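Report on the following structure.
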Amino acid sequence: MLRTLIIIPAYNEEGSIEKVVNNLIEKFPKYDYLVINDGSTDHTQSICNSNKYQVVNLAINMGIGGAVQTGYRYAWDNHYDIAVQIDGDGQHDVSYLEEMIRPIEEGQADIVIGSRFLEKEGFQSTRIRRVGINFLSFLGKLLTGVRVKDITSGYRVVNTKFIRIFALDYPADYPEPEAMVIAAVHGGRIKEYPVIMRERKAGESSITMKKSIYYMCKVTLAMIIRRISFGVRR
């Protein structure tokens with residue numbers, strides 16, 4: 001079996017992190033995991049420490065991109081073959097893990113995305129967010145020729161090639177769509193797998209209504225600049 005690390009970024013997830021990690025330990029003891037406590041100001045750190053979880057406690061809040069990149073750097077430094085991202089808020093159902101990992105193990109894909117929109121079951125996000133996701137998906141296809149329907153999904157599995165790439169270069173702010181541009185321009189074989197996601201039960205999303213316009217402008221520009229810069233380097 002290929003060595004697999006589950007990366008769990010967590011910022012102020014005191015209401016969910018224990019359930020997420022305990023569920024993972026119970027169901028998949030064969031996989032290693034690492035919680036990246038991203039400078040939480042609630043009890044996330046004390047919960048992880050008291051339960052003796054495998055955790056990296058960042059001294060300051062680095063944002064989701066910095067937390068995830070920390071996980072990839074750990075995976076690369078410790079010679080993992082596969083890395084999986086799941087959120088610390090409990091929205092990602094780990095019962096899909098083996099099926100999402102299998103295409104990587106069998107050499108059929110470099111990246112597998114857990115997608116809400118292939119079979120359109122479970123929590124589908126709000127209507128306004130779906131409009132935004134569809135736009136970013138279209139933009140990604142326009143820039144790279146690769147269409148990822150659930151381009152903002154943080155439920156992802158990557159192989160050694162992209163562990164290394166993301167350990168060295170991962171977007172800092174709202175990173176998921178830009179990371180897919182990175183993957184596509186590096187020739188990544190991207191596969192989506194249908195999953196059902198849960199609605200967040202505790203904590204708060206990093207993307208509020210007030211941040212939605214900023215999010216769309218920032219991510220759109222970041223994707224375009226990333227694609228242009230890659231073309232210039234080549």
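Hydrogens, waters and symmetry mates are skipped; everything else that's a heavy atom, side chains included, is used. Just so it is clear, the structure is predicted and the values come from calculations on it, not from any experiment.
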Among the clusters formed by ILVMFWY side chains lying less than 4.5 Å apart, do [X] and [Y] turn up in the same one?
X	Y	answer
Phe28	Ile25	yes
Phe162	Leu168	no
Ile213	Leu221	no
Leu2	Tyr31	yes
Val181	Ile228	yes

Main-chain N/O of [Y] paired with [X] side-chain donor or acceptor, under 3.5 Å:
X	Y	value
Lys161	His186	yes
Asp38	Met62	yes
Tyr96	Ile196	yes
Arg147	Lys141	no
Asn134	Arg130	yes
Glu192	Ser115	no
Asn12	Thr41	yes
Ser16	Gly88	yes

Should the ring pair Tyr53 and Tyr33 be called parallel, tilted or perpendicular, given that the plane angle runs from 0 to 90° and is split at 30 and 60?
perpendicular
Distance check, rounded to the nearest 0.5 Å: Phe166 atom CZ versus Gln69 atom CD?
10.5 Å
Do the charged groups of [X] and [Y] touch, with an N to O distance under 4.0 Å?
X	Y	answer
Glu98	Lys30	yes
Glu105	Arg102	no
Asp81	Arg3	no

